[in-house]
Protein chains: 4
Amino acid sequence: MLKNNQKTKYKQIIDAAVITIAENGYHQCQVSKIARQAGVADGTIYLYFKNKEDILISLFREKMQHFIQRLSEIIAGKNTATEKLLLLVENHFRILSENHALAIVTQLELRQTNKELRLKINDILKGYLKLIDDILIEGIENGEFDAKLDIRLARQMIFGTIDETATSWVMTDHKFDLVSLAPKIHQLLIHGCGNN
Amino acid sequence: MLKNNQKTKYKQIIDAAVITIAENGYHQCQVSKIARQAGVADGTIYLYFKNKEDILISLFREKMQHFIQRLSEIIAGKNTATEKLLLLVENHFRILSENHALAIVTQLELRQTNKELRLKINDILKGYLKLIDDILIEGIENGEFDAKLDIRLARQMIFGTIDETATSWVMTDHKFDLVSLAPKIHQLLIHGCGNN
Amino acid sequence: MLKNNQKTKYKQIIDAAVITIAENGYHQCQVSKIARQAGVADGTIYLYFKNKEDILISLFREKMQHFIQRLSEIIAGKNTATEKLLLLVENHFRILSENHALAIVTQLELRQTNKELRLKINDILKGYLKLIDDILIEGIENGEFDAKLDIRLARQMIFGTIDETATSWVMTDHKFDLVSLAPKIHQLLIHGCGNN
Amino acid sequence: MLKNNQKTKYKQIIDAAVITIAENGYHQCQVSKIARQAGVADGTIYLYFKNKEDILISLFREKMQHFIQRLSEIIAGKNTATEKLLLLVENHFRILSENHALAIVTQLELRQTNKELRLKINDILKGYLKLIDDILIEGIENGEFDAKLDIRLARQMIFGTIDETATSWVMTDHKFDLVSLAPKIHQLLIHGCGNN
DNA sequence: TATGAATGAGTGTTCATTCAT
DNA sequence: TATGAATGAACACTCATTCAT
């Protein structure tokens, strides 16, 4: 019960942080603003998080867990790596489209941080990159993908392309429909620019 | 003579900023540190730049101009879009490899800024993206690239892949040789992951 | 209890400001000096005042309130405007004499401010000028004062004379006894220089 | 010729200072602004004035000299102290009315200075106060004024009243006609508020 | 657990003055 | 005389974090 209550307030603060950062930008998001949004006192924040940076890390970890969980479930049971890749791109975009505040925070605001924090974020990101790697390995093994594929580089292409497209979408204030770009992006990732 | 001297001090401050930001990180880089590194007084900075942000913008504009200039010259006169793309990737990586401090600043530190500044940076970046677009258009016109290519998405894939790889290289403290990855990246961009 | 405590710290800072400004002069009175004198941290100042200028405005408002309050009580119940005017001059001088630091601040330091702040100060001053006007009106109505008196000009004479005398006293480092000048000043204000 | 030229540039800078201070306010009036207004280089200022404060002192001395000179000439030859006092008030107001910029500078901006500078200004002011004293002495000697008049206090009343009225006029952006107030002010100074 | 008043370290920018030319 | 590029000291204010209650 107590633990449940803690969990509630912990998530409450994280959700308040997402909203506050999205609305004010990372550098205009003071701890006191998060506290006010969460409906708790400033000091209470420090009962659940070590410091401000810890809020960010926890926020990213928490959200990325759901992200990975959801994508994993969607991908699971599909037969081809090609199809899995399409679903990954499409649903990555879908999740961001469903939560603009979160999209702003992950694509823009969370990057306005120092290298140390970026390394921690990269660490959390590994779980997501593992999803891509698994698809790539499966594709190579069953002959869908090029046997000589450099997994790391292919993963960087896939993640870099998705990320660049998503950031571009956020920078233009979500002006266009992100999800509908998935098939074309997928086509590019599988076949490249070349006239094959 | 005077103009020359001014030009010199302007560049002197910009180069000092690159070094100081790379060494200290964006948020630990005080104007006074840049001044000391440049060998001028704090106040002198403000004879050449409107404010601290203006140093960053100017730095990025100045360096990106050379970047684009150099890549343009290398690409000019090549016959195929495919070859041009390879040279673009390779020399993009080469320029970063030649100047680790600049790589740190552009890949990491310059991004720790608010949206407003990011938009200004994006504006400057457009000159570079135009280079990519021109290659894509040429490739489509002479049949090297897929006629149905979405230029914007293809450009985002190319830039996203290069950028993600470069950032990854900087985040690992330039542990591997970036330039030698160019051919494989190029292969991925042209043919994708698929087993064509 | 809380309100009481707040009130205490608010006044504590104002009193520290009076002393610090009187000792150092307005332009040499840094916020940190006021904080040190008040025995609080610099940041605490900003829990009670919007900014440095707000300290000054508040200081003047707070002191002027007591000033007016005290003069009003002394004047109340006296029968003639002439007597009231004497008491006003005498007690104006008395209050300044009792608090040299405050006298320095109001006669000299508070005037070293820009027009905008001066207008705010003038606004607060209106309460005091009203006291003078009321005396003048009463004097006219009961025949003590000239029926054709221009209230505004008479008020400016009275206030100008008191103020000039007080400033002169402060500029000479309170060398002479201010209060004992009241009867002569009063005589001048009532009868003028002329040989009536 | 050279001396003439010097004189010219000296006055040129002083006049530029009056305009610049009146337009920008004392604290927004940088030496570089005065230099630009005067059409000289910043450094040139320091060939004619010791420092910024010296510009102010010199400005006040220069203008006050003309002020006193002009008032002296107007007063000279008049037969009664009463008439002289009227002419003094009237022409004091007239000179200020003729030069709004100068009025702003002397009534408002020049007072935003520290005690040290104020003492120097007071010193220059003595020449003007002497004019008043002479009128008072003459008035006492020829029986126009009260034989028991305290010269210092009477002078403070006269100057304080003129000054307060002039400042009030400047603070209201010269909304009313200052010169036409002279007779009433004069009446007040001679006869006071009383119903004589 | 929860509060919120108090803390105090940290920095971009201005501008009077100088001095080499 | 005249210039104007260069100097560098000086300061109000913010905000993450603490701790007495």
Side-chain angles (χ1 to χ4, degrees), chain A residues 2-3 5-6 9-10 13 27-36 38-55, chain B residues 1-2 5-6 8-9 13 27-36 38-55, chain C residues 1-2 5-6 8-9 13 27-36 38-55, chain D residues 2-3 5-6 9-10 13 27-36 38-55:
Chain A
L2 195 65
K3 193 124 192 185
N5 199 11
Q6 264 195 1
K9 195 153 284 190
Y10 174 82
I13 292 168
H27 286 112
Q28 284 309 307
C29 168
Q30 295 82 1
V31 171
S32 60
K33 271 188 189 157
I34 298 177
R36 201 180 314 134
V40 300
D42 294 17
T44 306
I45 300 272
Y46 291 86
L47 298 176
Y48 296 90
F49 300 91
K50 220 174 67 213
N51 49 35
K52 189 183 180 184
E53 191 176 277
D54 189 33
I55 304 176
Chain B
M1 189 67 173
L2 194 65
N5 199 13
Q6 269 194 0
T8 296
K9 196 152 285 190
I13 292 168
H27 286 111
Q28 281 311 305
C29 168
Q30 295 83 356
V31 171
S32 58
K33 271 187 188 156
I34 297 177
R36 201 179 315 132
V40 300
D42 292 17
T44 305
I45 300 273
Y46 292 87
L47 297 177
Y48 297 90
F49 301 91
K50 221 173 65 217
N51 50 36
K52 190 182 177 184
E53 189 178 276
D54 189 34
I55 305 176
Chain C
M1 187 69 172
L2 193 66
N5 199 10
Q6 267 192 0
T8 296
K9 196 152 284 188
I13 292 167
H27 286 112
Q28 280 311 305
C29 168
Q30 294 83 358
V31 172
S32 60
K33 271 187 189 158
I34 297 177
R36 201 179 313 132
V40 301
D42 292 17
T44 306
I45 301 274
Y46 293 89
L47 296 177
Y48 297 90
F49 301 91
K50 222 173 63 216
N51 50 35
K52 190 182 177 184
E53 189 177 277
D54 190 33
I55 305 177
Chain D
L2 195 65
K3 194 127 193 183
N5 199 13
Q6 263 195 3
K9 196 154 282 190
Y10 174 81
I13 292 168
H27 286 112
Q28 283 310 308
C29 167
Q30 295 81 1
V31 171
S32 60
K33 271 188 189 157
I34 298 176
R36 202 181 314 133
V40 300
D42 293 18
T44 306
I45 299 273
Y46 291 87
L47 298 175
Y48 295 89
F49 299 92
K50 220 173 67 214
N51 50 34
K52 189 183 179 183
E53 191 176 276
D54 189 32
I55 305 176

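Labels below follow one simple rule: chain letters A, B, ... track the order of the sequence lines, proteins then strands, and each chain is numbered from 1. Nothing here was measured: the structure is a model prediction, and the numbers come from that model.
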Closest listed nucleotide, where the reference is the side chain of [X] and the choices are [options]:
| X | options | result |
| --- | --- | --- |
| K52(C) | dC15(E), dA12(F), dT1(E) | dA12(F) |
| A41(A) | dG4(F), dG12(E), dG4(E) | dG4(E) |
| K9(B) | dA6(E), dA6(F), dA2(E) | dA6(F) |
| Q30(B) | dG12(E), dA2(F), dT17(E) | dG12(E) |

If you round to the nearest 0.5 Å, how far is [atom2] of [Y] from [atom1] of [X]?
| X | Y | atom1 | atom2 | result |
| --- | --- | --- | --- | --- |
| I55(C) | I45(C) | CD1 | CD1 | 5.0 Å |
| D54(A) | K52(A) | CG | NZ | 13.0 Å |
| D42(D) | I34(D) | CG | CD1 | 10.0 Å |

What heavy-atom pair brings N51(D) and Y46(D) nearest, and what distance separates the two atoms?
CA-CE2, 3.9 Å
Value in whole Å for how far the [atom2] atom of [N] lies from [atom1] of [X]:
| X | N | atom1 | atom2 | value |
| --- | --- | --- | --- | --- |
| R36(C) | dG8(E) | CZ | P | 12 Å |
| L47(B) | dG4(F) | CG | C1' | 10 Å |
| I13(B) | dA5(F) | CD1 | P | 13 Å |
| I34(C) | dG8(E) | CD1 | C1' | 17 Å |
| E53(B) | dT13(E) | CD | C1' | 15 Å |
| F49(B) | dG12(E) | CZ | P | 15 Å |
| I45(B) | dT11(E) | CD1 | C1' | 14 Å |
| Y48(D) | dT3(F) | OH | C1' | 12 Å |

Nearest-Å distance once atom P is located in both dT1(E) and dT21(F):
22 Å
Listing time: all N or O pairs from protein to nucleotides 18-21 of chain E that are below 3.5 Å?
none

Do the non-hydrogen side-chain atoms of L47(B) and K9(B) ever get within less than 4.5 Å of each other?
no
On DNA chain E, check which nucleotide each of Q28(B) and V40(C) is closest to and give me the residue with the more 5' one.
V40(C)
Could you identify the nucleotide paired to dA20(F), looking across every strand shown and requiring Watson-Crick or G-U wobble geometry with both distances under 3.5 Å?
dT3(E)
Report the C-alpha distance between V40(D) and Y48(D) in whole Å, list the side-chain angles of each, state the deciding distance to 0.1 Å, and finish with yes or no for side chain to side chain contact (heavy atoms under 4.5 Å, CB included).
CA-CA 11 Å; V40(D) 300; Y48(D) 295 89; over 6 Å; no
Does the side chain of T44(D) get closer than 4.0 angstrom to OP1 or OP2 of dT3(F) through an N or O atom?
yes
Test side chain to side chain contact (heavy atoms under 4.5 Å, CB included) on R36(A) and Q30(A); report intermediate values, then the result.
CA-CA 10 Å; R36(A) 201 180 314 134; Q30(A) 295 82 1; over 6 Å; no
